[in-house]
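None of these values were measured; they are calculated from a predicted model. Protein chains get the first letters and strands the later ones, always in sequence-line order, with residue 1 at the start of each.
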There are 2 protein chains.
Amino acid sequence: MTIYDTNSWQGIKSEVIRRINDRQWQPGDLIPSEVELSEQFGCARATVNRALQDLADAGVLDRRRKAGTRVALNPVRKATLEIPVIRKDAEARGGTYSFDLLSQQEFTPSANLQNKYRLDPNISLVGLYTLHRANLKPFAYEERWINLAVVPEITQADLTSISANEWLVNHTPLSRGEFGFSATNATKPEALLLQCDEGAALFTVNRVTWSGEAPITAVRLVYAPGYSMVSIV
Amino acid sequence: MTIYDTNSWQGIKSEVIRRINDRQWQPGDLIPSEVELSEQFGCARATVNRALQDLADAGVLDRRRKAGTRVALNPVRKATLEIPVIRKDAEARGGTYSFDLLSQQEFTPSANLQNKYRLDPNISLVGLYTLHRANLKPFAYEERWINLAVVPEITQADLTSISANEWLVNHTPLSRGEFGFSATNATKPEALLLQCDEGAALFTVNRVTWSGEAPITAVRLVYAPGYSMVSIV
DNA sequence: CAGTGGTCTAGACCACAAG
DNA sequence: TTGTGGTCTAGACCACTGG
């Protein structure tokens, strides 16, 4: 346990946490204003501000101008998932990473894709089917399409030596995305690829990545049985 | 798209992002120091600091004293999962929430639990088995134990009217935890409870919550088929 | 050692929203 | 209208760590 001075922002943060845990300040309660607290703690208001903002980010406090700062009624548990590049993930689980690019072809978006992602019918997409391995054993199976209208350069890349995943991460440094996590039963082809029984429960990630209004890529990733994604809060 | 002035920290943040996306600053590159940037932007160093710290938190920049600030080589994708109380989750999915407390009993930790969670063999735990429902249909099945040495007050609570989950959230406002997400095949009893086929792929969450060195509670939660946990980055 | 980020201060002005 | 948080400034000192 690290101890902080009470006129450091971390110290103020722990003190606030202590008061909440002690139930001096209960859920829904209004806590003193920044000015009052800075007087209590004998520090600058900016220091209190830093501490309270941090706690508000964490979902512990609710702050509104003029209305003041309250202890959150529904302390949302926020878990920050670090989603590593698959290669790192496989390596971290003690394996040597490799992958097979099973197939790659260009196509134009189906009506379904056009609607779902607001894609122009005339653009080209690349479809990629990849089996990721750790120590040569199947680790995850990936189905992906990439929007060539956004990243045409990828046609120049050798996607058998670097995975599309990594290429994209390094060439589109910042982007919005949506993740969906679910569980699906292995289909027969998936079972063959992942060397598991048909119907086995597979941890599944769906991801769409956007650059402004245009989708860059969408992925469906099914992990071999036993995979677990861990997060520390 | 919101536009910020370049001497606000948000403005500086977007400008830095722009330079990274333009590849003026490439992954691994050292970017100018805070002092240099504050001169370039005509603002105080603290403002630049705020912007760069934000980007470092997001995993876009790597910062080290004396070594300076670099564009991250492995831009970690961080997804912030908001993990709501089950009731809210069920309600957000358009249902009326209810639950059945199937069983509740006190016991002392098995050798296995003692080892895994460093539990004293003499303390008492409560085991709870709960079926959560949305619109009366099974939503998730929960197995949980709670450490009475840490929260003895819970024996006073009526856990048939408020779920243990919510009681704990409101009485242990801040705590560390670990989440694990995986997929499991429905066992026969789970299939009965969740009204699905045996073997169906179920999204599963394991959670352990700690208060200092002592575990407060551990939960295994299996969701009815079709559940998907969504996160926006 | 010296240069970088990390933090604190005292003061100021602004933006928002409750009354 | 007015009290609250949100932000910026100019300056200062500190903590870490690379050279």
Side-chain angles (χ1 to χ4, degrees), chain A residues 1-17 19-20 25-73 75-76, chain B residues 1-17 19-20 25-73 75-76:
Chain A
M1 185 64 183
T2 316
I3 302 297
Y4 299 100
D5 207 322
T6 86
N7 55 356
S8 76
W9 72 268
Q10 311 235 27
I12 292 170
K13 180 179 162 185
S14 352
E15 177 58 17
V16 171
I17 288 176
R19 294 191 187 176
I20 294 176
W25 296 337
Q26 305 201 8
D29 281 4
L30 198 60
I31 76 172
S33 74
E34 295 189 349
V35 176
E36 290 177 73
L37 287 175
S38 64
E39 283 161 3
Q40 280 186 32
F41 292 127
C43 67
R45 180 168 80 95
T47 309
V48 175
N49 181 278
R50 176 85 203 265
L52 298 191
Q53 273 202 2
D54 202 68
L55 289 169
D57 277 348
V60 175
L61 299 176
D62 283 333
R63 321 191 74 203
R64 288 206 324 276
R65 281 163 155 128
K66 169 74 182 171
T69 300
R70 290 175 183 279
V71 179
L73 268 178
V76 182
Chain B
M1 184 64 184
T2 317
I3 300 297
Y4 298 100
D5 207 322
T6 86
N7 54 355
S8 77
W9 73 267
Q10 310 233 28
I12 292 171
K13 180 179 163 186
S14 354
E15 176 58 17
V16 170
I17 288 176
R19 294 191 187 177
I20 294 176
W25 295 337
Q26 305 201 8
D29 282 2
L30 198 60
I31 77 172
S33 75
E34 294 188 349
V35 176
E36 288 177 74
L37 287 175
S38 65
E39 284 161 4
Q40 280 186 33
F41 293 127
C43 68
R45 180 167 81 92
T47 309
V48 174
N49 181 279
R50 176 87 204 263
L52 299 190
Q53 274 202 1
D54 201 69
L55 289 169
D57 277 347
V60 175
L61 298 176
D62 283 333
R63 323 191 72 199
R64 288 207 320 279
R65 281 162 156 130
K66 168 74 182 174
T69 300
R70 291 175 182 279
V71 179
L73 268 179
V76 182

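As rounded to whole Å, 13 Å separates atom C1' of D:dA10 from atom CD of B:Glu39. Atom NZ in A:Lys66 sits roughly 15 Å away from atom P in D:dG6 (whole-Å rounding). Distance CG (B:Leu55) to P (C:dG5): 14 Å, rounded to an integer number of Å. Here the C1' atom of nucleotide D:dC8 and the NZ atom of B:Lys13 are 18 Å apart, to the nearest Å. Rounded to an integer number of Å, the gap from A:Arg64 CZ to D:dG5 P is 12 Å. Atom CG of B:Asp54 is separated from atom P of D:dG6 by 14 Å (rounded to the nearest Å). Separating the CG atom of B:Asn49 from the P atom of C:dG6 is a distance of 6 Å, rounded to the nearest angstrom. Across the protein-nucleic acid pair, A:Glu34 atom CD and C:dC8 atom P stand 14 Å apart, rounded to whole Å.
Listed candidates were D:dA10, D:dC8, D:dA15. Nearest to the side chain of B:Arg65 is D:dA15. The A:Gln10 side chain lies nearest to C:dT7 when the options are C:dT7, C:dC8, D:dT7. Candidate nucleotides D:dT7, D:dT9, C:dC16 were compared by shortest atom distance to the side chain of B:Ala44, and D:dT9 ranks first. Nearest to the side chain of A:Cys43, among C:dT9, C:dG6, C:dA18, sits C:dT9.
Atom CG of B:Asp29 is separated from atom CZ of B:Arg19 by 13.0 Å, given to the nearest 0.5 angstrom. Annotation: the span from B:Ile20 atom CD1 to B:Glu15 atom CD amounts to 10.5 Å, rounded to 0.5 Å.
Contact between the side-chain N/O atoms of B:Thr47 and the OP1/OP2 oxygens of D:dT7 is not found at any separation under 4.0 Å. Between A:Gln53 and D:dG5 there is no side-chain N or O to OP1 or OP2 distance below 4.0 Å. Of the side-chain N and O atoms in B:Arg50, none sit less than 4.0 angstrom from OP1 or OP2 of D:dC8.
The side-chain hydrogen bond (donor to acceptor under 3.5 Å, both in side chains) test with B:Thr69 is passed by exactly one of B:Gln53, B:Arg63, B:Glu34: B:Arg63.
Toward the 5' end of DNA chain D, the nearer of the two residues A:Ser33 and B:Gly42, judged by each one's closest nucleotide, is A:Ser33.
For D:dT7, the base has a donor-acceptor partner in the side chain of A:Arg45 [N/O atoms by modelled type, under 3.5 angstrom].
Side-chain atoms of A:Cys43 and A:Val48, non-hydrogen and from C-beta on, do get closer than 4.5 Å to each other. You'll find the side chain of A:Asn7 stays beyond 4.5 Å of the side chain of A:Phe41, heavy atoms only.
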